[in-house]
Each structure stands twice: as C-alpha cells, then as structure tokens.
Amino acid sequence: MNRRDSDAVRLEAVRKIYGKGDSGVVALGGVTMSFPRGGFTAVMGPSGSGKSTFLHCAAGLDHPTSGSVVLDGEDLTGMNENDLTRLRRDRVGFIFQAFNLLPALTVEQNVTVPQLLAGRRPNRKHVHEVLDRVGLLDRRKHLPAELSGGQQQRVAIARAIITRPAVIFADEPTGALDTRTAAQVLGLMRESVGEQTVIMVTHDPVAASYADRVVFLADGRVVGELHAPTADAVAERMTHLGAWADRLRTTTVGGA
Ligand code: ADP
Ligand code: MG
C-alpha cells in the first residue's frame, strides 16, 4: 500500500454502463474525483443522477465499466471478488438508510459481527468504548427492535467505526429519521471524521451541510462543488440542478 497517498479514495474517469448496446444506460459518464484523507464529503444530485452507482463503484461493491478507483492506496481495478471482500472488510465501513442490523442479535453482538466474520476476536474494552461514544453502552444487551430509529442508526455507526476503517460510506443515513434524531446521527458522523474519511450520499441539504464539501452529480457527471456548505446554499444549488437535469432530459428525448 502506498501510504504517501494523501487521498483516501480517488476515481479516475469512471464510467458505468448498465446493460448493453442500444438498451445500455450510462449511469456514470466519466467521473474523476478525489476524497482527501480525514475529510467529510456529501454527494448530492437528483434522483437517477448516479449517486448509488457512484457509491457502489467507489466502495468496491461493483465494478466500473471503465476507469479506475484507488481506495486507501489500493487500486481496485482488476481485483477479484475475494480481494474486494477483504478490502471492504478491512478498510471500509458502511452505514445504510435501513440500518441493516441483525434482529436476533443484541446491540453489542451487532457491533462485533464484522470482526467475528473476519475471524478476529473483538476486544471487549474497545467495543464498550465505541458503544459509549455513540451513547449506547447501557443498551448493549438490547435487541434492535427495542431501540428507536436513531438509536439503531447509532448501532450501525458503532459497527462501521469499530474496525477503524480508512473510509466510511453512508447512503442516505438519515433518510429514515426525524430531524432531531438525524442531527444527533450526523453529529456523531462528524465526530468520527479525521480518524475516518466520510463519504455520504444524501438528498437532504441540512445533512449535506455537516460535510466540509458537497459534490453535485447530474446525469452521471460531476457538475459542481461547494466548500463549507450551508443548507441554504446547497438547497439553492439543488433547485437549479433539478431544472437543469429536466431541461437536459427533454432536449435529449427530442433528439434521440
Ligand atoms: P441515484 O442513486 O442518483 O438515484 P442510480 O445510481 O441509482 O441513481 O442510477 C443512475 C442511473 O442508472 C439511472 O438512470 C438508473 O435507472 C440506472 N440504473 C441503476 N441501476 C441499474 C441497473 N441495475 N440496471 C439498469 N439501470 C440501472
Ligand atoms: Mg440512489
């Protein structure tokens, strides 16, 4: 691994086409983007702009059709499924909208699952430290069904940070939460930035305002960037993007 690499993740001319020939859909049309270590980036864009596809390619969950992805100094291009599984397990944490906790396992067991799957013995003291950090130490014996949505997402955050991954990918992490609970979850994600690099897909301008930088996607391309974003500035930009994407679609349909 190249430790001098100052980027946690780098995409170079990444294209992703679903299907083949005339029915092929260009989900990413050549995306080049860098994510510096220790940064918090939000990725935004209208529905269908390629956000999920971007996240899957950047996190090694899917192969780009062409282009390259380098994550924590490792080039994902040409890696087989075993290599990718190992890389995701050791270097990446995931937080999803739907929490994805195992219902029959306690909070503490859910948090240690990734380590157990990797054949490692979890360090109980460290597990308890992390549970304390997300405010759930006293709930460690509870089942997910006994927790609120916000508490369940905090379990998912603990599970994502426990292995100290280089990068945390979050896909709409606050999509299922109310405003106040969302703020707690985003605050926690913000706190893990520095040790971790966080990349979050969201359509919520308030959520995006917790990031250092917002990258905007439209029709599978990067169409803009905002640094030190405010929720208002993000919302304003999104309004224009929506209109821009609509116009683009109408003109292409006419010409195709
Ligand atoms: P977003 O997450 O921004 O809504 P996606 O990355 O899910 O966008 O999708 C980008 C484009 O790729 C859309 O046009 C979508 O319909 C298409 N797409 C996504 N997944 C598939 C798939 N498995 N097969 C075919 N088309 C897909
Ligand atoms: Mg999506």
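Read the numbers this way: they start at 1 and go in the same order the structure lists the ligands and their atoms. Note that the structure is a prediction, hence the values are computed from the model and not measured. What you see below is based on every heavy atom in this structure, not just the backbone, and it leaves out hydrogens, waters and symmetry mates.
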Can you tell me if Tyr18 and Thr53 form a side-chain donor-acceptor pair at under 3.5 Å?
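Present: a donor and an acceptor within the cut-off.
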What protein heavy atom sits nearest [atom], and how far off is it?
{"atom": "atom 8 (O) of ligand 1", "answer": "Gly50 N, 3.1 Å"}
{"atom": "atom 14 (O) of ligand 1", "answer": "Val25 CG1, 3.8 Å"}
{"atom": "atom 7 (O) of ligand 1", "answer": "Ser52 CB, 3.8 Å"}
{"atom": "atom 25 (C) of ligand 1", "answer": "Tyr18 CB, 3.3 Å"}
{"atom": "atom 6 (O) of ligand 1", "answer": "Thr53 OG1, 2.5 Å"}

Test: [X] and [Y] ion pair at under 4.0 Å:
{"X": "Arg139", "Y": "Glu146", "value": "no"}
{"X": "Arg120", "Y": "Asp90", "value": "yes"}
{"X": "Arg37", "Y": "Asp72", "value": "yes"}
{"X": "Arg88", "Y": "Asp83", "value": "no"}
{"X": "Glu129", "Y": "Arg133", "value": "no"}

Salt bridge (charged side-chain N to carboxylate O under 4.0 Å, His left out) evaluation trace for Glu74 with Arg91:
CA-CA 10 Å; Glu74 295 232 38; Arg91 317 276 181 93; 2.7 Å; yes
Does Ser49 reach ligand 1, in the sense of a heavy atom lying below 4.0 Å from it?
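Under 4.0 Å: yes for Ser49.
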Are any of the heavy atoms in Gly220 under 4.0 Å away from ligand 1?
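It does not, in that no heavy atom of Gly220 comes within the 4.0 Å cut-off of ligand 1.
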With a cut-off of 4.0 Å, which atoms of ligand 1 are near a heavy atom of [X]?
{"X": "Pro46", "result": "3 (O)"}
{"X": "Lys51", "result": "1 (P), 2 (O), 3 (O), 4 (O), 6 (O), 8 (O)"}
{"X": "Ser47", "result": "4 (O)"}

Non-hydrogen protein atom less than 4.0 angstrom from atom 16 (O) of ligand 1
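No, there is no protein heavy atom closer to it than 4.0 Å.
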Group every Ile, Leu, Val, Met, Phe, Trp and Tyr by side-chain heavy-atom contacts under 4.5 Å, then state whether Phe96 and Leu102 land in the same group.
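Hydrophobic grouping puts Phe96 apart from Leu102.
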With distance as the sole test, does Ser148 use its side chain to make a donor-acceptor pair with the main-chain N or O of Gln151 at under 3.5 Å?
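Judged by distance alone, yes, a pair lies under 3.5 Å.
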Could you name the option among Ala27, Gly45, Gly48 that has the heavy atom nearest to atom 13 (C) of ligand 1?
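Closest candidate by heavy-atom distance is Gly48.
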Under 2.8 Å from the Mg ion (ligand 2) - does any N, O or S atom of Ser47 fall there?
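Given the 2.8 Å cut-off, Ser47 does not count as a ligand of the Mg ion (ligand 2).
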